[in-house]
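Note that ligands are numbered from 1 as they come in the structure, with each ligand's atoms numbered from 1 the same way.
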Amino acid sequence: MRRRLIPVNVVIAALVFVLLSLDPDQSKPPPVVMERGKAVYAKECLSCHQQDGLGVQGMNPPLAKTAWVLGPKRELIKIVLNGLTEPIEIEGDTFHNPMPPHPHLTDQQIADVLSYVRNSFGNKASAVTAREVKKVRAEKKI
Ligand code: HEC
C-alpha cells in the first residue's frame, strides 16, 4: 500500500468518540454536581437520613430506593421545599416524625442534593435541574 487513506490517529479518535457516546452511565450527574450535592446533603439531610442514607429505624426513613426518591421529581422537590407531615410506610416500617421544610435552600442547592440522593445509596435515577425546582417553587406560591 502506497499511502494510508485514513490516518491511524483519526481511526483511534473516532473509536474513542463512539465508545464515549455509548457510555451507559450518561444519565449520572457530572462529578461536580455530585460533589456539590454531597456537601448540601452533609449540612441539611445527613443528621436525620444518615451518612449511608439508611435513616434511623422508626424515626427517619431511608433514602435508598424508596418510591419518593426514585418517583416523580415534582413530588420529591415538594418534600424538600415543604417538608412532609403525613405518616409514611417503607417496607413495613412506619414513620410519623415530621420532616421540616427547606425553603432556605436555593434552586441549585435543591437540584444538586436531589441529583446526589437519586444517584447515591444504590439509587440510579435522572438528575434534577435548578429549572425544575424553580418551576415547583413557583407553583407553590399560586
Ligand atoms: C430533622 C430531620 C430531617 C431532615 C433534616 C431531613 N429529613 Fe427528610 N424526612 C425526615 C422524616 C422524619 C421523614 C418522614 C416524614 C413523614 O413521615 O411524614 C422524611 C422524609 C423524606 C423523604 C420521603 C420518604 C423517603 O424516605 O423516601 C425524602 C425523599 C426526604 N425526606 C429527603 C430529605 C432530603 C433530601 C433532606 C435534605 C435536604 C432531608 N430529607 C432532610 C426527616 C428529615
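For atom 5 (C) of ligand 1, the closest heavy atom belonging to the protein is E44 O, 3.1 Å. Of the protein's non-hydrogen atoms, T66 OG1, 2.5 Å is the one closest to atom 27 (O) of ligand 1. Nearest protein neighbour of atom 22 (C) of ligand 1, counting heavy atoms only, is I79 CG2, 4.0 Å. For atom 7 (N) of ligand 1, the closest non-hydrogen atom on the protein side is H49 NE2, 2.8 Å. For atom 39 (C) of ligand 1, the closest non-hydrogen atom of the protein is M99 CE, 3.2 Å. Ranking protein heavy atoms by distance to atom 26 (O) of ligand 1, first place goes to P62 O, 2.6 Å. Scanning the protein heavy atoms around atom 15 (C) of ligand 1, the nearest turns out to be N97 O, 3.2 Å. Distance from atom 29 (C) of ligand 1 to its nearest protein heavy atom, with residue and atom name: L76 CD1, 3.4 Å.
With hydrogens and angles ignored, the 3.5 Å screen pairs a side-chain donor or acceptor of R137 with a backbone N or O of P103. Using modelled atom types, one side-chain atom of N123 and one backbone atom of V117 make a donor-acceptor pair closer than 3.5 Å. A side-chain donor-acceptor contact under 3.5 Å links K73 to the backbone of A127. Between the side chain of T94 and the main chain of E89, no donor-acceptor pair closer than 3.5 Å is present. Within the 3.5 Å criterion, the main-chain N or O of T129 finds a donor-acceptor partner in the side chain of E132.
Listed by number with element, the atoms of ligand 1 under 4.0 angstrom from any heavy atom of N60 are 12 (C), 42 (C). Close approach to I90 involves these atoms of ligand 1, each under 4.0 Å from a residue heavy atom: 25 (C), 26 (O). Near M59, with a cut-off below 4.0 Å to any heavy atom, the atoms of ligand 1 are 12 (C). Atoms of ligand 1 lying under 4.0 Å from any heavy atom of F95, numbered from 1 in the order shown and given with element: 17 (O). The distance from ligand 1 to the heavy atoms of V69 drops below 4.0 Å at these ligand atoms: 27 (O), 29 (C). Numbered from 1 in the order shown, with element, the atoms of ligand 1 that lie under 4.0 Å from a heavy atom of E86 read 16 (C), 17 (O), 18 (O). The atoms of ligand 1 that sit less than 4.0 Å from any heavy atom of C48 are 1 (C), 2 (C), 3 (C), 4 (C), 5 (C), 42 (C), 43 (C). Close contacts of ligand 1 with P100, meaning ligand atoms under 4.0 Å from a residue heavy atom, involve 1 (C), 3 (C).
Side-chain heavy atoms closer than 4.5 Å link hydrophobic residues (I, L, V, M, F, W, Y) into clusters, and following such links, possibly through other members, connects V113 to L70. In the hydrophobic clustering of this structure, M34 groups with V69; members are Ile, Leu, Val, Met, Phe, Trp, Tyr whose side-chain heavy atoms approach within less than 4.5 Å, directly or through other members.
Under 3.5 Å, the side chains of E44 and H49 contain no donor-acceptor pair of N or O atoms.
With a 4.5 Å cut-off on side-chain heavy atoms, V128 and I110 do not count as touching.
The N/O atoms of S47, backbone and side chain alike, include none that comes under 3.5 Å of an N/O atom in ligand 1. Polar contact check, H102 against ligand 1: no nitrogen or oxygen pair lies under 3.5 Å apart.
Ring geometry for Y41 versus Y116: interplanar angle of 30 to 60°, hence tilted.
Look at E139 and R74 and you find a salt bridge, because one of the NZ, NE, NH1 or NH2 atoms lies within 4.0 Å of a carboxylate O, short of that distance.
With rounding to the nearest 0.5 angstrom, the CE atom of M99 is 9.5 Å from the CG atom of N82.
Looking at A64, G71, C45, P101, it is C45 that brings a heavy atom closest to atom 38 (C) of ligand 1.
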